[in-house]
Each structure stands twice: as C-alpha cells, then as structure tokens.
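This is a predicted model, so every value here is computed, not measured.
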Amino acid sequence: MKRNKKNRHQIFNMKQRSLVTHANPKSPIAEQFRTIRTNIDFASPDIDVQTIMVTSTGPSEGKSTTAANLAAVIAQQGKRVLIVDADLRKPTSHYTFMLGNRNGMTNVLTRQSTLEEEVEQTHIDNLYALTSGPVPPNPSELLGSKAMTDLMQVFKQQFDVIVFDTPPVMAVTDAQVVANLCDGTILVVRSEQTDREEAVRSKDLLNKSGANLLGVVLNDQPRSKKDSYYYYYGQS
C-alpha cells in the first residue's frame, strides 16, 4: 500500500477540493455530514451497509465533495475507510486528496497492477483512497465486469466501509452498474439547479437497477445570511 508519496507521480494544476469535515470539523456543514453518517446507520437496520455509492442526477451537483466528506466523517469514527473514484470518465478524487492519478482502479481491474500497489493512505487518519487511474475506452464494461465483482469482495475483506464516487445517473449507465453491487446508494441534488423531473427519473433508474436508495442529499440550500449553506439528508 502506497503512503501518499507525491513524488511517485507528476501532478499538474493541482486543485484541492473542500474537505470541510477535516479542515473545520466543528462547522455546521461538518455536523450535517455527521448527521448523514448517523442516518445511514438507521436507514437499513437489517443490512450491514459496508459499501456506499454516492451519485447525482447531473454534473456539478456536489456528489464528489459529498462522497469525500462522508468518507472522512466515517473514518473519524475510527473505522478503516476506502474511498474509490469510480467516476472513470471525469475523476476528481486525486485533486481532493492531493494524490497522483497515473495509476489507479482501471489498472487494478485490467490486472496491470494490484490493489495493494494502488491504494494510498490519505492525510486523514483511517482514510485510504483508490484513484480512478487512466480513463478507459469502456468504463461501463469495466465496472460491470467479473473483475469488478471480485474486487468488491477484496474491498470488503480489507476495509470496514467503502465509499464509491460514481458518474451522474442521467449521463451514463455507470452509476446503475455500481449501485447493483453496493449495499446502499445516496443521491445528491443541488438546490435551484437540479430539475425535479430528472431527480425523480434518476431515482427510478436507480431503483430499476436494484439499488438500495438510502436517501437524498440536498446540497447548497440557502439557510440564512450567517449560515450560507447546509446539507439536508432525507429518506427517499
């Protein structure tokens, strides 16, 4: 397992995304992520939710930031957590955690390298990351392959919780493929951006794929002048 050594990769134009749950754990937004964490525990009392997929209706709705912060607050409980960038088309987790992305999940799925070689420890205790790796020509096929099914079992053996960041539901079929492999799914929508009909259609597509939809995160909902944004988690 790699130890977050930046000199293993050449990293250009690096932009760190917001990890408010780590940078400002006492903030109202961080508390909302802890609420999401708690609600997940109660959402499926009869199921051990070990694998969680985070997706959105469309682009720029906050699913990657939500996935990263959710993984961080779960890791803060002392659990061994892996965040997997399963958005093989427009990956971003390497920016969030300041990692390289020359190799990653696609290399593991095509057996060019092993999981132990590609998983990296992040700057957050108990939180590990598997970046996407090179963008493949066939993302949906890779995510739906036997290699992916086998890798899911390895994930479960090595980590307490695995959080998957996947592409938007309405854009491609990747999220539906991964949802069928996960114990639970969270759908992220953005206030004043997400179309209501598309959100309902996204929910229907996830349900048809066999997803266990745990709930919906409403992102960027104005609350007050003093508290600009908050996150709301609601049972679907």
By side chain to side chain contact (heavy atoms under 4.5 Å, CB included), V177 pairs with (sequence neighbours left out) L143
Strictly by ring-ring contact (aromatic ring centres under 6.0 Å, His included), give each pair with a member in residues 48-91 just once, sequence neighbours left out.
none
Please step through side-chain contact (heavy atoms from CB on, under 4.5 Å) for the pair L187 and L213, ending with a clear verdict.
CA-CA 8 Å; L187 179 65; L213 189 57; 4.2 Å; yes
List for me each residue that meets side-chain hydrogen bond (donor to acceptor under 3.5 Å, both in side chains) alongside N212, sequence neighbours excluded, and say none if there are none.
S44
Set of residues satisfying salt bridge (Lys or Arg N to Asp or Glu O under 4.0 Å) with respect to K146, sequence neighbours excluded:
D150
For the atom pair CD1 (I29) and OG1 (T21), what is the distance rounded to the nearest 0.5 Å?
10.5 Å
Can you list every ring-ring contact (aromatic ring centres under 6.0 Å, His included) pair that touches residues 161-194, not counting sequence neighbours?
F155-F164
Do S209 and N180 pair up side chain to side chain, a donor and an acceptor below 3.5 Å, judged on atom types alone?
no
Residue list, side chain to side chain contact (heavy atoms under 4.5 Å, CB included) with D195, at least two apart or on another chain
E197, E198
Supply the atom-to-atom distance L109 CG to N138 CG, rounded to the nearest 0.5 angstrom.
10.0 Å
Got a sec, which residues hit side-chain hydrogen bond (donor to acceptor under 3.5 Å, both in side chains) with R80, two or more places apart in sequence or on another chain?
Y128
Pairing residues for R190 by the salt bridge (Lys or Arg N to Asp or Glu O under 4.0 Å) criterion, not counting sequence neighbours:
D220
Distance check, rounded to the nearest 0.5 Å: L142 atom CG versus M105 atom CE?
8.5 Å
Do T131 and D85 get their side chains close enough for a donor-acceptor pair, meaning under 3.5 Å?
no
Please answer whether the main-chain N or O of V20 pairs with a side-chain N or O of N24 as donor and acceptor at a distance below 3.5 Å.
no
Mind checking the CG-CD spacing from L82 to Q158? Nearest 0.5 Å is all I need.
9.0 Å
Not counting sequence neighbours, which residues clear side-chain hydrogen bond (donor to acceptor under 3.5 Å, both in side chains) with Q50? List them please.
none
Without hydrogens or angle criteria, can the side chains of T57 and T194 be said to hold a donor-acceptor pair below 3.5 Å?
no
Test of understanding: with salt bridge (Lys or Arg N to Asp or Glu O under 4.0 Å), list the residues that count as partners of E141, not counting sequence neighbours.
none
So which pairs with a foot in residues 55-75 pass salt bridge (Lys or Arg N to Asp or Glu O under 4.0 Å), sequence neighbours left out?
K63-D87, K63-D165
Who passes side-chain hydrogen bond (donor to acceptor under 3.5 Å, both in side chains) against T173, sequence neighbours left out?
S140
